[in-house]
Amino acid sequence: TALTKELKTSEAKDSSVIPFHEKMRPVITAPSLQVSGLYGHQNRYVMSGNVSFSNGHHSVGCRHAQARRTALRKALTVTNIAAPPERPKAVATKYPPLDHTVELPTHAPEDIVYDAIVVGAGVGGLTAAAQMVAKGAKVLVLEKYLVPGGSAAHFKRQGFTFDVGSSMMFGFGSQGTTNLITKALQAVGKQLETIPDPTQVKYHMPKTPGHPQGLKVQVRRDFDDFVRELSSKFPHEADGIEQFYKHCWRIFSSLNTLELKSLEEPMYLMQQFFRHPGACLTLAVDVASDTGSVACRYIKDPDLLHLIDIECFVFSTVPASLTPMINAGMVLSDRFYGGVNYPVGGVSKIPETLAEGILEKGGHIVYKANVRKIITDKPLPEQRGGYGRVQPDGVRAAGVKLADGREFRARTVISNATRWDTFGRMIEDDRLPESEKLFRERYKKSPSFFTIHMGVDASIVPEGTDVHHIVLEDWNKMEDAHGTLFVSMPSILDPGLAPPGKHVVHAFTPDWIDAWQHLPAEEYERKKVEVADALIERLEAKVLPGLKQATCLREIGTPRTHRRYLGREDGTYGPIPSRKIQGMVGMPLNRTAIQGLYCVGDSTFPGQGVNAVAMSGIGCAHRVMCDLGIMAAMPRVVDDAFVSTMQYFRDRA
């Protein structure tokens, strides 16, 4: 009654009540006022109109100060109208704080043409924006949510700070060229304090005839220590182990020699070849190779080959046979070079610090900006971008339109959304390029994740416990839903993430949205608890005895959760090959067939992972700035010929 009375005083006289479901956020029909997120629970009823309540966290966004104050009073008035039903072992703590969301920038100039609009404030998009503002470009970043970072963001519950996604961070080294997170931050004059992790991961692998008690392998920070330990488990494969991992090291050393920029820019490629011909030729040997084929040259033991599979699965969610050797060489060696380092305060410090630097350099970031459409226009013959020469019947990206009706114009658009969201939601169906149709034949959506964020009593985490663990009981189930179980405890490195005497435990496992679609609310909640309990039993048996009893807080997420809060179709974390591949030859890069439209993030080379999307962002910004004339590039005719030739061979790979 109070809610109805309150709403009657607003302009929403024709509002109607609709049921809220996780898969659909309500459309804000009037941009002047929006209050969202009174409760962190499902199946609330919301009123559409000038005031819109949605499942999530508190947020208030208004055009004017007076409207903001009005929205704040309304939010504070209605928060205690009704007590939502409690979920098992979960509390709907509101985050971000209300005062933070009131201060969020929700507007930017609409009367200028930006050099680039970046759709999505994930690490890939922010890295691209940071590179561009550092060169003086006019950049606008549009973020749908209330905080930057996407899957690298965080949330708080009862004094605990949880990383939304992975806590295993590469790219923070101080030497070489592969420390891409460090370089991304340096572009806007920033750096972060980090804590080195002495061990990348501890594997708890299945029992086999060769390892009747199960295979346990600790990947230490020192390369020689790791090779010795693995050789002690497989003494008959000692030579093969050393040769395979040294093969990875040669690839990494070559990458670590080159200045890593856009693989689509011929001037850069020629410069790197003439400066470092040996490194370039080393990489050329493996550019079309997959990791499984290379591993089989050196190793024959099936258990050890399975371990190479899980080594790849950790960062690519596919086995070695579907993982490009170049990618494996970088990841499986960087852990011994730059190492795994955790940023003090949590992974979200990376995107938050990047966002801060972008604003300081004169860039714009708008939150609560739901991009519904990429605006297209006639191509400009004088502008670069797209695959080679502009087609007379083609289009170019000219800006974006938001759900609230606002439009922003730009010379280029960089999408940090997935490839499916970019070309399935923001571009009209009749504009889908042939190259994107080919992409969908070659690649499919990677799995999403089922996640459990827990606050636990510190007594069950003994001194010396490794931060990251991977549990698998059956090699045949590695790629199945809930088959491989990841667990991270970053508060071992940074105690400030948890209250005194407590620890953060984040368990997650691959899952697909199909198993969670169209479930009634009660069944959905019951299934979440059942799956979580089963996973916790596995962790108790392998890693943390007494975990269930020691848990004081538990938050459960499904692929539906990832889809909803991260804006990813089906909650996917990027593309994975749907068939055997030729290394990295066919992987999508940053340019698209639409002039002025670029993709960045885990839907492009080199793929998933924070350091990987930072590399994608650096490469994308380089190519965009060459196309805009901000950075030097080859003459137009040479550039067009190179890009067209490259795409011809990539399409036939």
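Along the sequence shown, residues are numbered consecutively beginning with 1. What you see below is based on every heavy atom in this structure, not just the backbone, and it leaves out hydrogens, waters and symmetry mates.
Annotation for Ile576 and Gln608: closest pair CG2-NE2, 4.2 Å, computed over non-hydrogen atoms. Residues Gln131 and Ala621 come closest through the heavy atom pair CB-CB, 3.5 Å. Among all heavy-atom pairs drawn from Pro266 and Met634, the shortest one is CG-CG, 3.8 Å. Residues Ala184 and Leu354 share a closest heavy-atom pair of O-CD2, 3.5 Å. Summarising the geometry of Thr604 relative to Gly601, their closest heavy-atom pair is OG1-O, 2.8 Å, with the distance given to 0.1 Å. The shortest heavy-atom contact between Ile427 and Ile374 is CD1-CB, 3.8 Å.
Salt bridge status for Arg563 with Glu569: absent, with no side-chain N to carboxylate O gap under 4.0 Å.
Environment of CD in Gln271: crowded, with over 12 heavy atoms of neighbouring residues, nucleotides or ligands closer than 6.0 Å. More than 12 heavy-atom neighbours from other residues, nucleotides or ligands sit within 6.0 angstrom of CD on Glu407. Atom NZ of Lys349 sits in a sparse spot, with 12 or fewer heavy atoms from other residues, nucleotides or ligands closer than 6.0 Å. In this structure, Lys190 places its NZ atom where more than 12 heavy-atom neighbours from other residues, nucleotides or ligands lie under 6.0 Å away.
Counted by atom type alone, Thr106 and Lys368 present zero donor-acceptor pairs between their side chains at under 3.5 Å. Side chain to side chain, Thr572 and Ser448 fail the donor-acceptor criterion of an N or O pair below 3.5 Å. Judged purely by distance below 3.5 Å, without hydrogens or angles, the side chains of Thr418 and Ser603 never pair a donor atom with an acceptor atom.
Side-chain atoms of Ser166 do not come within 3.5 Å of backbone N or O of Gly609 as any donor-acceptor pair. Using a distance-only test at 3.5 Å, with no hydrogens or angles considered, no donor-acceptor pair links the side chain of Arg409 to the main chain of Val113. Looking only at distances, no side-chain donor or acceptor of Asp377 sits under 3.5 Å from a matching main-chain atom of Ala397. Using a distance-only test at 3.5 Å, with no hydrogens or angles considered, a donor-acceptor pair links the side chain of Thr412 to the main chain of Asp115. Within the 3.5 Å criterion, the main-chain N or O of Gly574 finds a donor-acceptor partner in the side chain of Ser446. Side-chain atoms of Asn416 come within 3.5 Å of backbone N or O of Gly122 as a donor-acceptor pair. In this structure, the side chain of Asp163 does not engage the main chain of Gly165 through any donor-acceptor pair within 3.5 Å.
At a threshold of 4.5 Å between non-hydrogen side-chain atoms, the residues Lys445 and Pro575 do not count as touching. Between Val119 and Ile414, every side-chain heavy-atom pair lies at or beyond the 4.5 Å cut-off. Side-chain contact between Pro343 and Glu193 is absent, with no heavy-atom pair separated by less than 4.5 Å. Using a 4.5 Å cut-off on side-chain heavy atoms (C-beta onward), Glu555 and Arg157 make contact. Side-chain contact between Leu192 and Thr353 is present, with at least one heavy-atom pair separated by less than 4.5 Å. Residues Arg591 and Val643 have side chains in contact (heavy-atom distance under 4.5 Å, counting atoms from C-beta outward). Side-chain atoms of Gln186 and Gln191, non-hydrogen and from C-beta on, never get closer than 4.5 Å to each other. Between Phe423 and Pro433, some side-chain heavy-atom pair lies under the 4.5 Å cut-off.
Rounding to the nearest 0.5 Å gives a distance of 6.0 Å between CG of Leu263 and OH of Tyr268. One distance of note links CD of Glu143 with CG of Leu104; it measures 10.0 Å at 0.5 Å rounding. Here the CD atom belonging to Glu265 is positioned 12.5 Å from the CG atom belonging to Asn590, to the nearest 0.5 angstrom. Summarising the geometry, atom CD belonging to Glu436 is positioned 6.5 Å from atom OG1 belonging to Thr592; distances are rounded to the nearest 0.5 Å. Expressed to the nearest 0.5 Å, how far CD of Glu264 lies from SG of Cys626 amounts to 10.5 Å. Atom NE2 of His562 sits about 10.0 Å away from atom CD1 of Ile513, to the nearest 0.5 Å.
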*side chain to side chain contact (heavy atoms under 4.5 Å, CB included) evaluation trace for Arg406 with Lys401*: CA-CA 6 Å; Arg406 284 182 290 169; Lys401 183 174 183 178; over 6 Å; no
*For Val371 and Lys144, what are the C-alpha separation, side-chain angles and deciding distance, and is it a side chain to side chain contact (heavy atoms under 4.5 Å, CB included)?*
CA-CA 7 Å; Val371 176; Lys144 182 178 180 180; over 6 Å; no
_Run Phe408 and Val413 through side chain to side chain contact (heavy atoms under 4.5 Å, CB included) and show every step you take._
CA-CA 10 Å; Phe408 296 95; Val413 176; over 6 Å; no
_Trace of the salt bridge (Lys or Arg N to Asp or Glu O under 4.0 Å) decision for Asp639 with Arg623_ = CA-CA 11 Å; Asp639 193 22; Arg623 182 65 259 191; 2.8 Å; yes
*Report the C-alpha separation of Ser415 and Val600 in whole Å, then their side-chain angles, then the decisive distance to 0.1 Å, and conclude whether the side chain to side chain contact (heavy atoms under 4.5 Å, CB included) test is met.*
CA-CA 6 Å; Ser415 176; Val600 73; over 6 Å; no
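Applying the salt bridge (Lys or Arg N to Asp or Glu O under 4.0 Å) definition to pairs two or more places apart or across chains, those involving residues 598-609 are Arg568-Asp602.
Taking the six-membered ring wherever Trp is involved, the centroid distance between the rings of Tyr443 and Trp420 does not fall below 6.0 Å. Residues Tyr573 and Phe449 bring their aromatic ring centres within 6.0 Å. Here the two rings, on His154 and Phe162, have centers that are 6.0 Å apart or farther.
Every residue meeting the side chain to side chain contact (heavy atoms under 4.5 Å, CB included) condition with Trp516, not counting sequence neighbours, appears here in chain and number order: Phe450, Asp511, Leu519, Tyr524, Lys527, Lys528, Val531, Thr558, Pro559, Arg560.
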